[in-house]
Chemist: 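I am attaching a structure below and will ask some questions about it afterwards.
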Amino acid sequence: MDEVVKMKAENVNFFYGKTQALKDISLDIHAHSVTAIIGPSGCGKSTFIRLLNRMNDLIPHTQLIGRVYLDCQDVFSHAADPVELRRRVGMVFQKPNPFPKSIFENIAYGLHVNNIKDKDFVETRVIESLKKAALWEEVRHRLHESALKLSGGQQQRLCIARCLAVSPEVILFDEPCASLDPISTAKIEELILELKKEYTIVIVTHNMQQAARVADYTAFFLLGELIEFNKTQELFTAPKDKKTEAYITGRFG
Amino acid sequence: MRNPQRTEKIAFFFLFLATLVIALPVGLVVIIIISKGLPAINWQFLSDIPRQGMRSGGIFPAIMGTVYLVTGAIIFALPIGLLAAVYLSEYAKDNLLTRVIKLAIVNLAGVPSVVYGLFGLALFVVFFKFGASILSGSLTLGIMILPIIITASREALESVPYSFREVSYSLGASKWQTIRHIVLPNAIPGILTGTILGLGRAAGETAPILFTVAAFYLPQLPKSIFDQAMALPYHLYVISTQVPNVDEKIRYATALVLLVLVLCMNLVAILIRYQFRKRKKW
Ligand SMILES: Nc1ncnc2c1ncn2[C@@H]1O[C@H](COP(=O)(O)OP(=O)(O)O)[C@@H](O)[C@H]1O
Ligand SMILES: [Mg+2]
């Protein structure tokens, strides 16, 4: 496991209007590892990872105090470009959300908007991404059919492939298995373990078993605060905080 | 005792009755126009100029005039309406000014058409000195249907799921790229619906063209957009009220042609919309 810090949150506070959703959060995300964020609904998990690729910029009337770094560069500085950041920090959402386009077009979209027009290159990259997302064998003969014909689990892997196609360095997963059946979930988890060799991964989940299975590090959030952050094994076997213990033993949340 | 099955039947009866009350007059209008107008329709009626003080001959100049006017109105109103709708629903900040503009647009859709006619007369005919011409008429009709197109387009744009935009941004697309490649293609069916409504309105109104373009009798086709033209709704008005002893058949036939013309234009838009709907589903 690599100890290089890929992303870093430093004293992050975040407000929706006047409601504070994150309170003074500092957290390191290590390169080539999986960091899980767990906690009950509404504790700010999504808000936190959406700061990492500045998706919260799109919501009006929000305010951030604190800093977020990618490779030691402040991603919220005036010089930083959110569009550029999102190319480097990709995201897979809770609900599979393919565009109403063909499988091929879905994956090529990210390249297209990044002005990569070379046909051969695009095609190679699409195939490569599908293979990495373990979807190639299932769709190789129907690349030009609508992506909406795929099953939920396949759609989610398509979304992962779409994200991989733009070659991000970090991938954020926001409860990627929340709407999937156990078999599809297992496939995605296996995939995440495979992807961490090449990418840095942050995954939000409220399924503790999932965090224990895939994550190297786990952060426990509660009511907008970071209660505990540690190597997954230590956090689950020897939680330092009473609240963490209560949560992982299922006493609340 | 209440019998759910009987309640169901009563409810069905009234719902059906309401639908019938709406459908019946429409059906009757169509039937009457067809039965009275169809006998007068032949090739000469469609392709000839009006003759003998519009009591015989054809209505070709009026058909073409209406086609020109409606096309002109759409060419003018669709791009501007679409751009305004994109601005209002994607870019404009939600502040007092924006809300006032949105409210004004919704209300403009309810302004009586004769008001647009007077407006067109003052602005295009007199102020810009376009005279009574196809240009003035098209612009006036265009302005009249702008609110319809803007309102329908805004609804279509805003109904594109937020999650599509979100993914697009997350892949490193800019705002304009997201609008251009994701939002607009998915909004086209709704935008076309607005265009269809606008088209029908532009083809059928008499008041806006009365002072801005319509010629009482002009037995040749216009040569440029600065010429006057005949138009079907106005021609219908003229032969129904201004010219004595016009055969009833001719009046109904003119109405039938107007009806079919609007239907044909709608059909084109509906076919395009169907093509897009078939491809996009979420
Ligand atoms: N767009 C928003 N506007 C206002 N409040 C929001 C918005 N999104 C989330 N919140 C609030 O912020 C808090 C954290 O939400 P979220 O980050 O979605 O939690 P989680 O992902 O852990 O369930 C919640 O109280 C939620 O109501
Ligand atoms: Mg969430």
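A quick note: this is a predicted structure, and the numbers were derived from the prediction, not measured. Residue numbers begin at 1 in each chain, while the letters A, B, ... track the order of the sequences.
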Chemist: I need the minimum non-hydrogen distance between Asn114(A) and Leu171(B), along with the two atoms involved.
Modeler: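 Reported closest heavy-atom pair: ND2-O, 3.5 Å.
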
Chemist: Grab the two heavy atoms, one from Gly172(B) and one from Val83(A), that are nearest each other, plus how far apart they are.
Modeler: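 Distance-wise, the nearest heavy atoms are O-CG1, 3.2 Å.
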
Chemist: With a 4.5 angstrom heavy-atom cut-off, is it the side chain or the backbone of Pro168(A) that approaches chain B, or both, or neither?
Modeler: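 Neither part, no heavy atoms under 4.5 Å.
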
Chemist: For Phe93(A) versus Ser170(B), what's the shortest heavy-atom pair and its separation?
Modeler: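 So the minimum-distance heavy-atom pair works out to CE1-OG, 3.7 Å.
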
Chemist: Rounded to the nearest 0.5 Å, what separation is found between the NZ atom of Lys101(A) and the CG atom of Asn186(B)?
Modeler: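 Separation between the atoms: 7.5 Å.
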
Chemist: Could you tell me whether Lys119(A) atom NZ has more than 12 heavy atoms of other residues or ligands within 6.0 Å of it?
Modeler: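 Open: at most 12 neighbouring heavy atoms sit under 6.0 Å from NZ of Lys119(A).
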
Chemist: Between Pro82(A) and Tyr169(B), is there a side-chain heavy-atom distance shorter than 4.5 Å?
Modeler: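 Result no, sub-4.5 Å side-chain heavy-atom pair not found.
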
Chemist: Do other residues, nucleotides or ligands put more than 12 heavy atoms under 6.0 Å from the CZ atom of Arg88(A)?
Modeler: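 Yes.
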
Chemist: Measuring heavy-atom distances to chain B, does Met91(A) have an atom under 4.5 Å in its side chain, in its backbone, in both, or in neither?
Modeler: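 Met91(A) touches chain B through backbone and side-chain heavy atoms alike.
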
Chemist: Quick one: of Arg165(B), Gln177(B), Arg180(B), who has the most non-hydrogen atom pairs under 4.5 Å with chain A?
Modeler: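 Maximum pair count with chain A is reached by Gln177(B).
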
Chemist: Please report the closest heavy-atom contact between Arg162(A) and Val167(B), naming both atoms and the distance.
Modeler: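 Arg162(A) and Val167(B) have their closest heavy atoms at NH2-CG1, 3.0 Å.
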
Chemist: Taking atom OH as the centre, does Tyr162(B) end up with more than 12 heavy-atom neighbours from other residues, nucleotides or ligands that are less than 6.0 angstrom away?
Modeler: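 Yes, OH of Tyr162(B) has more than 12 neighbouring heavy atoms, counting only those of other groups under 6.0 Å.
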
Chemist: Identify the heavy atoms of Phe99(A) and Phe164(B) that sit nearest to each other, and give their distance.
Modeler: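 Of all heavy-atom pairs spanning Phe99(A) and Phe164(B), the closest is CE2-O, 3.4 Å.
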
Chemist: Taking the side chain as every heavy atom from C-beta outward, state whether His181(B) and Glu105(A) have any atom pair closer than 4.5 Å.
Modeler: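 No, every pair of side-chain atoms sits at 4.5 Å or beyond.
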
Chemist: For Thr178(B) versus Tyr109(A), what's the shortest heavy-atom pair and its separation?
Modeler: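 In this case the closest contact between Thr178(B) and Tyr109(A) is CA-OH, 4.0 Å.
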
